[in-house]
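The structure appears right after this line, and notes come after that.
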Amino acid sequence: MNKILQDDFKDDLKEYLDGLYISFKKKHSSKDPVWQLHEFQDERDIETAGLIISCYAYGRVEQINQFIKRFLKNINFKVYEFTSNFSQQKDKKYLKDLNYRFNTVNDFSLLISNIKNVIERYGSLQNLFLEKYNEKDENILSALSNFSGSLNILGNKNSYYGYLLPLPENKSTCKRLNLYLRWMVRKDEIDVGIWSKINKAKLIIPVDTHVYRVSRSLKLVSRKSCDMKFATELTNMLRKFDANDPVKYDFALCHVDMN
């Protein structure tokens with residue numbers, strides 16, 4: 001393909017992707033877990049609930065929503081208050097029905113305990129992320145690694161807890177953690193954008209099987225392995241269409257395949 005054809009293809013693809021973004025950003029779906037964050041007013045609830053929801057955002061979306069709603073109902077929707085005061089012994093009654101697929105009640109308890117420890121040490125999840133965030137870095141990979149590692153301190157090597165918070169150095173795309181960052185950093189009709197100190201241009205697109213398949217079919221990335229390198233290469237490609245907000249295309253890329 002010569003350069004003129006390449007440029008024409010790039011222009012057409014940008015127009016197509018921008019059209020998808022405009023179409024889907026106003027298409028509120030009661031099924032997508034992100035809409036649950038719009039039910040909260042307190043940013044502390046949004047930040048805490050967002051991490052919990054994103055960690056469990058795997059499997060069928062109906063199952064995800066049912067599971068999260070069950071948890072929120074158990075704690076009367078006071079997610080920050082519950083998490084910041086959590087006691088594994090005293091509060092285990094609120095978690096008794098919170099097994100989800102291969103993640104057990106104990107995994108959920110470890111997640112809440114780790115978030116509580118971060119709140120006590122840093123004051124917020126955003127402050128933990130900012131510990132290793134550097135505006136001069138190409139992307140948020142270093143901060144993401146530190147963020148996930150700090151939330152794995154109480155992890156159990158004999159459980160699937162690590163699946164909730166994968167480490168990027170293990171080549172995972174870290175889809176759900178990048179999804180969480182998209183929710184927290186970007187602000188539009190979809191994403192809540194309460195983390196104002198982080199540049200959305202530095203985000204990495206959350207890559208799952210849907211985004212992987214669509215990106216390959218659109219020839220955005222030629223790489224066959226679905227790993228962190230694929231995610232960063234896709235993000236770099238999307239920066240050519242919007243250098244300031246490459247991850248804005250994620251919601252549309254994911255949902256156009258589902259639909």
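Just so it is clear, the values below take in all heavy atoms, side chains as well, and ignore hydrogens, waters and symmetry mates. All residue numbers refer to positions in the sequence shown, counting from 1.
- Side-chain contact between Ser172 and Met228 is absent, with no heavy atoms from C-beta onward closer than 4.5 Å.
- By the neighbour-count criterion of 12 heavy atoms within 6.0 Å, atom NZ of Lys93 is sparsely surrounded, having that number or fewer from other residues, nucleotides or ligands.
- For Tyr133 and Trp195, the gap between ring centers reaches or exceeds 6.0 Å.
- Counting only N and O atoms by type, the side chains of Asp18 and Tyr249 include a donor and acceptor under 3.5 Å apart.
- Leu167 and Leu151 fall into different hydrophobic clusters, where Ile, Leu, Val, Met, Phe, Trp and Tyr side chains are chained together by heavy-atom contacts under 4.5 Å.
- Residue Glu135 qualifies as enclosed at atom CD: its count of foreign heavy atoms under 6.0 Å is above 12.
- Using a distance-only test at 3.5 Å, with no hydrogens or angles considered, a donor-acceptor pair links the side chain of Thr173 to the main chain of Val207.
- Atom OH of Tyr94 has 12 or fewer heavy atoms from other residues, nucleotides or ligands within 6.0 Å.
- Ser145 is not listed as a side-chain neighbour of Lys132, based on a closest heavy-atom distance of 4.5 Å or more.
- Checked by atom type, the side-chain pair Ser109/Asn106 shows no donor-acceptor distance below 3.5 Å.
- Under a 4.0 Å N-O distance rule, the pair Asp188/Lys248 does not qualify as a salt bridge.
- Centroid-to-centroid, the aromatic rings of Phe40 and Phe77 stay 6.0 Å apart or farther.
- Under a hydrophobic clustering in which Ile, Leu, Val, Met, Phe, Trp and Tyr are joined whenever their side-chain heavy atoms come within less than 4.5 Å, directly or via other members, Tyr163 and Val61 fall into different clusters.
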**OP:** Evaluate the side-chain contact (heavy atoms from CB on, under 4.5 Å) criterion for residues Tyr180 and Ile52: first the C-alpha distance (whole Å), next the side-chain angles of each, then the deciding distance (0.1 Å), finally the verdict.
**Re:** CA-CA 9 Å; Tyr180 174 62; Ile52 296 168; over 6 Å; no
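- With no hydrogens or angles considered, no side-chain donor-acceptor pair links Tyr212 and Asp227 at under 3.5 Å.
- Between Tyr56 and Phe67, the two ring planes are tilted [angle within 30° to 60°].
- With a 4.5 Å cut-off on side-chain heavy atoms, Leu130 and Tyr122 do not count as touching.
- Comment: Arg44 engages Asp42 in a salt bridge, judged by a side-chain N to carboxylate O separation of less than 4.0 angstrom.
- Applying the 6.0 Å contact sphere to CZ of Arg70 captures more than 12 heavy atoms from other residues, nucleotides or ligands.
- For the pair Ala201 and Ala243, the tightest heavy-atom approach, listed with the atom from each and the gap, is CB-O, 3.5 Å.
- For the pair Leu234/Val211, a side-chain contact is recorded, criterion being any heavy-atom separation below 4.5 Å from C-beta on.
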**OP:** Please test Ile119 against Tyr80 for side-chain contact (heavy atoms from CB on, under 4.5 Å), starting from the C-alpha separation and ending with a verdict.
**Re:** CA-CA 10 Å; Ile119 291 171; Tyr80 176 81; 3.6 Å; yes
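- Aromatic ring centres of Tyr58 and Tyr100: separated by under 6.0 Å.
- Looking only at side-chain heavy atoms (C-beta outward), Pro206 and Arg176 stay at 4.5 Å or farther from each other.
- Ring-plane geometry between Phe147 and Phe129 is classed as perpendicular, the angle between the planes exceeding 60 degrees on a 0 to 90 degree scale with a lower cut at 30.
- Between Met184 and the choices Asp191, Leu51, Ile194, the side chain to side chain contact (heavy atoms under 4.5 Å, CB included) rule is met once, by Ile194.
- Residues Asn139 and Leu203 form no side-chain contact, since every pair of their non-hydrogen atoms from C-beta on lies 4.5 Å or further apart.
- The residue from Lys175, Arg182, Arg186 that alone fulfils the side-chain hydrogen bond (donor to acceptor under 3.5 Å, both in side chains) condition with Asp250 is Arg182.
- By the 4.5 Å heavy-atom criterion applied to side chains, Leu165 and Leu111 are counted as neighbours.
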